[in-house]
Amino acid sequence: MARIQPVLSPAELVLVDQVAALTGAKRTEVIKSALTVYHWFVRQALTGSQVLARKPSGEEISLETAELAALEGRGNRL
């Protein structure tokens with residue numbers, strides 16, 4: 001079975017390295033964990049759930065399915 005390597009930007013690589021250093025995990029485990037969280041997040045959005053998110057200021061906000069779709073659209077344009 002072929003291994004698929006994600007294409008990461010230099011900033012993402014630095015972040016993966018930092019998380020790996022903080023947690024003592026391998027870089028591949030950090031990426032697997034991030035993909036698992038992303039999969040969960042997308043699944044919550046598709047099932048019509050709401051997701052609580054915390055802004056850098058510490059304020060918690062509730063995102064509904066429509067808001068999540070708009071955020072994902074903005075992310076794809078970047």
Side-chain angles (χ1 to χ4, degrees):
M1 182 170 194
R3 297 179 97 188
I4 299 172
Q5 296 292 332
V7 178
L8 301 176
S9 70
E12 291 168 331
L13 289 172
V14 169
L15 184 60
V16 168
D17 288 337
Q18 289 174 348
V19 172
L22 285 171
T23 61
K26 293 180 180 179
R27 292 175 69 205
T28 55
E29 292 302 317
V30 171
I31 293 170
K32 284 181 189 176
S33 295
L35 290 172
T36 301
V37 170
Y38 178 75
H39 179 260
W40 173 86
F41 189 80
V42 169
R43 192 164 195 180
Q44 293 298 310
L46 294 177
T47 59
S49 298
Q50 59 181 342
V51 176
L52 290 177
R54 183 171 292 141
K55 291 182 176 182
S57 63
E59 175 189 359
E60 286 189 0
I61 57 172
S62 175
L63 300 174
E64 300 290 335
T65 302
E67 294 168 313
L68 292 172
L71 285 175
E72 186 176 7
R74 258 192 260 154
N76 289 337
R77 283 187 296 237
L78 294 175

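The first residue in the sequence is number 1, and the count goes up from there.
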With sequence neighbours left out, which residue pairs that include part of residues 9-24 fulfil the salt bridge (charged side-chain N to carboxylate O under 4.0 Å, His left out) condition?
D17-R27

Can you tell me which residue pairs pass the salt bridge (charged side-chain N to carboxylate O under 4.0 Å, His left out) test with a partner in residues 30-41, sequence neighbours excluded?
E29-K32

Side chain to side chain contact (heavy atoms under 4.5 Å, CB included) filter on S57, not counting sequence neighbours, yields K55, E59

Establish whether V14 and V19 are linked, either directly or via other cluster members, by ILVMFWY side-chain heavy-atom contacts under 4.5 Å.
no

If I compare all heavy atoms of V30 with all of A25, which pair ends up nearest, and what's the gap?
CG2-CB, 4.3 Å

